[in-house]
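Numbers restart at 1 for each chain; the letters A, B, ... are given by sequence-line order, proteins then strands. If you're wondering where the values come from, they're calculated on a predicted model, not measured in any experiment.
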Amino acid sequence: MNPEQPDYLQGLNPEQLSAVLHEGGNLLILAGAGSGKTRVITTKIAWLIRERGFAPESILAVTFTNKAAAEMKERACRIEPACERANLRTFHSFGAWLLRRNADLAGIDKNFTIYDDDDSAALVRAALPSLARPEATRLAHAIARAKDYSLDPDSPDLGAFKGFSDFRRCYAEYQQRLRATGNVDFGDLINLPTRLLEENEAVRRRLHDRFRVILVDEYQDSNVAQFRLLKALAGPEAYVCVVGDDDQSIYRFRGAEVQNILSFPDIFPNTATIRLERNYRSYQSILSIATSVVEKNEGRLGKVLRAERTGGGKPQLAVLANQNEEAAYCIRIIDKHLRNGGSFSDVAILYRTNAQSLAFERAFPPAGLPYRLVGALRFYEREEVKDILAFLALVSNRRDEIAFRRIINKPVRGIGDSSVELIIEEAFAQNQDFVSAAAVVKMKTAKGRAGAAAFTAFIDDLSARFEQNLESLARLVEHCAKESGLLEYHRGQDEIAGSQKVSNIDELINAASDYPATRDGLSAFLEAVELDRAMASGEVLQDAVTLITMHNTKGLEFPVVIITGMEQGLFPRDNEEGEELEEQRRLLYVAMTRAKNELYLTYCRNRLFRGRIMDYPPSRFLAELPAGSYETTGGKLNLAVSAAMATWKRGMNVYHDDHGSGQILAVKDAGEAGVCLVVRFETGRQLQFFPKYTSKLEVLKNNDF
DNA sequence: CAATTCGGGATCTGC
DNA sequence: TCCCGAATTG
């Protein structure tokens with residue numbers, strides 16, 4: 001330890017210190033889980049400002065989640081308050097920031113709103129009415145992936161996106177329709193700034209001149225489009241530092257490209273590489289079991305994590321009957337933790353899908369457990385929020401087709417599908433916005449006429465209120481909720497369904513109070529809601545258990561972690577093989593390495609799924625864990641079944657020595673006997689087999705699994 | 001033409 | 001269970 005170093009550099013280990021003090025070329029930090037990378041980044045930002053004289057405004061740090069961005073800002077400001085003025089954002093938030101300031105040059109409306117995946121799918125349906133909904137969703141998904149790879153409709157590489165008869169034309173149609181609305185989707189938030197930088201020298205110079213330091217956290221989850229933006233943004237003078245861990249790459253499904261981290265030193269010359277392999281977070285027993293998971297993967301750089309903390313017990317696996325017992329088990333763990341002097345906020349309950357939170361949300365309040373639900377609001381909860389936002393979006397931009405379609409007849413005002421299409425066509429034909437078109441088009445019924453008049457008058461009234469600038473934004477949003485009739489409408493829905501829509505609207509109104517009642521304030525508010533799904537989800541409880549998806553835990557840590565739902569078919573899903581399966585292993589690795597002191601896993605023998613009780617064998621990941629790496633409570637596990645379930649799947653084509661070709665109709669848990677297969681052969685016969693006892697059955701190669 | 005009802009089919013992760 | 005789309009009724 002060097003006594004001449006400033007206080008905030010004391011306590012860094014040699015690798016961390018060299019990462020903070022590195023200058024000159026570019027820097028790649030390969031940082032294992034819990035190796036203190038956030039500390040390195042925040043310390044580095046503070047050091048650059050304090051010791052190296054960088055203006056805070058010249059520093060850009062991007063992360064992947066809002067939670068991580070907020071935490072980074074808080075920790076950096078704690079060391080050096082001037083960090084408040086540095087640009088610490090998510091990639092998408094940075095893209096939106098850049099586009100708002102250069103909207104004219106990028107060819108879009110300054111008050112653009114951001115289309116999420118649902119909006120994009122709705123736009124695909126509007127542009128291509130012949131598509132059924134599932135197909136439109138798949139197409140929207142494929143377009144989003146193309147944008148992740150920075151591919152335009154005329155890019156020659158689009159051939160990789162198969163599965164649609166005319167993908168190029170559909171993509172082009174979508175893109176044209178999107179530009180007509182004046183709005184952007186998530187992919188545009190990355191690609192439009194890149195294009196602006198690449199094509200406009202003045203903008204490029206200005207930004208190169210401004211950003212002298214660019215840091216990227218969770219770099220293993222960047223996609224090709226983000227890599228290209230980073231390249232375009234980094235001027236010849238810029239210092240680029242990226243931090244990542246290939247074992248924690250968990251967003252391949254949305255275009256993340258591990259190649260970015262491997263090729264970084266080739267693209268950014270004079271790159272030094274520093275590895276952080278000392279883990280300060282978890283006990284060795286937790287690191288060992290986590291490492292044993294990713295060791296099963298083939299394509300990895302490979303690194304050794306060493307625990308700096310000694311002690312700690314073995315991870316526990318609980319075998320439980322169903323999701324209610326699972327919630328009860330979690331309550332017992334939390335109670336025990338509290339009795340030992342811990343607090344609610346020490347505990348996180350992790351799951352693979354958001355739908356799994358429901359059992360905990362039901363079981364916790366009666367047990368007196370406060371909880372905080374992190375991340376995605378479920379769709380039905382968002383419905384009413386999006387309705388209100390659609391009115392506001394229309395005030396912001398009257399060409400917003402999806403917002404218009406969403407609320408033109410909600411609550412019902414006698415304007416049916418055919419009338420809506422009439423208005424849309426009129427708007428396109430006359431090149432005018434949808435609200436004006438609604439005022440002009442002749443409705444076919446008296447009800448429709450009255451409805452359209454009331455609608456346009458209401459939008460005009462809302463717009464006027466923004467111009468007058470008399471009320472706060474929260475009051476304007478409240479006015480909108482009441483006078484649109486949506487509040488009443490959703491109150492009725494609440495009474496029918498017992499839902500919480502009105503209180504969600506109240507939360508939305510509260511969230512608006514942080515923004516000024518101007519058009520720019522409205523745009524900022526809409527952007528924040530779109531980019532931060534957690535924002536409108538309610539007040540932050542002081543001390544509460546965290547309910548969170550495994551994906552959302554990236555970058556977080558908790559003294560006690562319970563990973564729930566270790567069932568084959570849920571985690572991993574049965575169709576996940578190869579690269580996808582490896583990604584799921586990395587996800588489990590991420591989940592396990594969030595735990596500081598105690599790690600629990602739960603497996604439920606059956607689970608309520610789509611209103612039905614379904615049997616599940618244990619996750620194949622449990623079968624992969626070394627025998628002594630954890631302790632089991634609550635019952636014996638039949639891991640033979642999960643291994644067999646991984647081999648035999650419903651729908652597979654099989655061949656039997658005696659009966660010929662056939663297809664698997666069902667795979668049943670047969671306990672000690674492994675699995676029982678129900679097979680229908682081409683001869684029409686339907687028979688059952690136990691693969692454990694016969695070798696006459698084999699999997700045919702022509703399966704899509 | 002608009003609004004409601006009923007039956008079949010689906011399944012995640014997130015900026 | 002929930003949601004979509006076809007079919008039916010007002």
Side-chain angles (χ1 to χ4, degrees), chain A residues 62-69 89-96 114-121 125 131-138 141 144-145 147-148 184-190 218 221-223 225-226 249-256 350-358 374-380 383 409-422 443-448 451 497 499 527-535 548-554 565 569-576 580 583-584 586-588 590-591 607-614:
Chain A
V62 287
T63 63
F64 276 80
T65 65
N66 292 288
K67 219 172 155 64
R89 297 168 174 276
T90 64
F91 253 119
H92 290 88
S93 152
F94 173 72
I114 300 162
Y115 278 170
D116 66 14
D117 290 354
D118 291 327
D119 299 327
S120 290
R125 292 204 73 192
L131 293 183
R133 190 186 173 95
E135 211 181 344
T137 305
R138 276 178 44 237
H141 187 78
R145 289 296 79 73
K147 291 192 174 190
D148 286 342
V184 301
D185 60 19
F186 283 129
D188 288 343
L189 287 177
I190 307 299
E218 306 287 4
D221 283 319
S222 63
N223 60 34
Q226 289 160 337
S249 169
I250 55 175
Y251 285 108
R252 212 184 77 98
F253 70 91
R254 66 170 214 221
L350 277 52
Y351 37 78
R352 177 66 177 76
T353 66
N354 279 301
Q356 286 166 255
S357 70
L358 192 63
V374 175
L377 296 170
R378 285 187 301 281
F379 182 66
Y380 70 85
E383 191 69 35
N409 197 32
K410 190 171 183 178
V412 290
R413 46 178 77 84
I415 303 168
D417 290 346
S418 62
S419 299
V420 174
E421 293 308 324
L422 223 56
M443 295 294 140
K444 293 185 172 144
T445 63
K447 215 172 163 190
S499 49
E527 177 182 316
V529 173
E530 204 56 72
L531 292 183
D532 187 355
R533 296 170 133 199
M535 196 186 85
I548 190 167
T549 62
M550 297 188 212
H551 282 90
N552 243 320
T553 61
K554 199 166 67 159
L570 185 64
F571 184 41
R573 291 175 59 173
D574 282 328
N575 59 4
E576 284 168 333
E580 287 181 325
E583 175 146 309
Q584 298 305 304
R586 293 193 291 268
L587 182 58
L588 180 56
V590 167
R607 181 178 288 280
L608 203 60
F609 184 71
R610 279 219 294 275
R612 280 163 192 249
I613 296 169
M614 302 273 287

Candidate nucleotides [options], ranked by approach to the side chain of [X] - the nearest:
X: A:Arg133; options: C:dG5, B:dT13, B:dC15; value: C:dG5
X: A:Leu531; options: B:dG14, B:dC12, B:dC15; value: B:dC15
X: A:Arg352; options: B:dG14, C:dG5, B:dC12; value: B:dC12

Polar side-chain atom of A:Asp221 near backbone of A:Ala256 as donor-acceptor pair, under 3.5 Å: no
Is_stacked (A:Phe253, B:dT13) at 5.5 Å, 30 deg: yes
side-chain contact (heavy atoms from CB on, under 4.5 Å) against A:Asn223, all qualifying residues, sequence neighbours excluded: A:Asp148, A:Ala225, A:Gln226
N-O pairing of A:Glu527 and A:Arg89 below 4.0 Å: no
Would you say [X] reaches [N]'s phosphate, i.e. side-chain N/O to OP1/OP2 under 4.0 Å?
X: A:Arg254; N: B:dG14; answer: no
X: A:Thr549; N: B:dG14; answer: yes
X: A:Arg145; N: B:dG14; answer: no
X: A:Asn575; N: B:dC12; answer: no

Residues forming a salt bridge (charged side-chain N to carboxylate O under 4.0 Å, His left out) with [X], sequence neighbours excluded:
X: A:Lys410; answer: A:Glu383, A:Asp387
X: A:Arg573; answer: none
X: A:Glu580; answer: none
X: A:Arg607; answer: A:Glu326, A:Glu567

N/O donor-acceptor pair, side chain A:Asn552 with base B:dG14, under 3.5 angstrom: no
Using a cut-off of under 3.5 Å, enumerate the N/O to N/O pairs linking the protein to nucleotides 8-10 of chain B.
| residue | atom | partner | partner atom | Å |
| --- | --- | --- | --- | --- |
| B:dA10 | N1 | A:Arg610 | NE | 3.2 |
| B:dA10 | N3 | A:Arg610 | NE | 3.4 |

side-chain hydrogen bond (donor to acceptor under 3.5 Å, both in side chains) involving A:Ser419 - partner list, sequence neighbours excluded: none
Partners meeting side-chain hydrogen bond (donor to acceptor under 3.5 Å, both in side chains) with A:Arg252 (sequence neighbours left out): none
Look for any protein N or O under 3.5 Å of an N or O in nucleotides 1-5 of chain B and output each such pair with its distance, or none.
| residue | atom | partner | partner atom | Å |
| --- | --- | --- | --- | --- |
| B:dC1 | OP1 | A:Lys444 | NZ | 3.0 |
| B:dA2 | OP1 | A:Gly416 | N | 3.1 |
| B:dA2 | OP1 | A:Ser419 | OG | 2.5 |
| B:dA2 | OP2 | A:Ser418 | OG | 2.7 |
| B:dA3 | OP1 | A:Gly414 | N | 3.3 |
| B:dA3 | OP2 | A:Asn409 | ND2 | 3.2 |

Sugar-phosphate only, base, or nothing, as touched by A:Arg89 at under 4.0 Å among non-hydrogen atoms: nothing
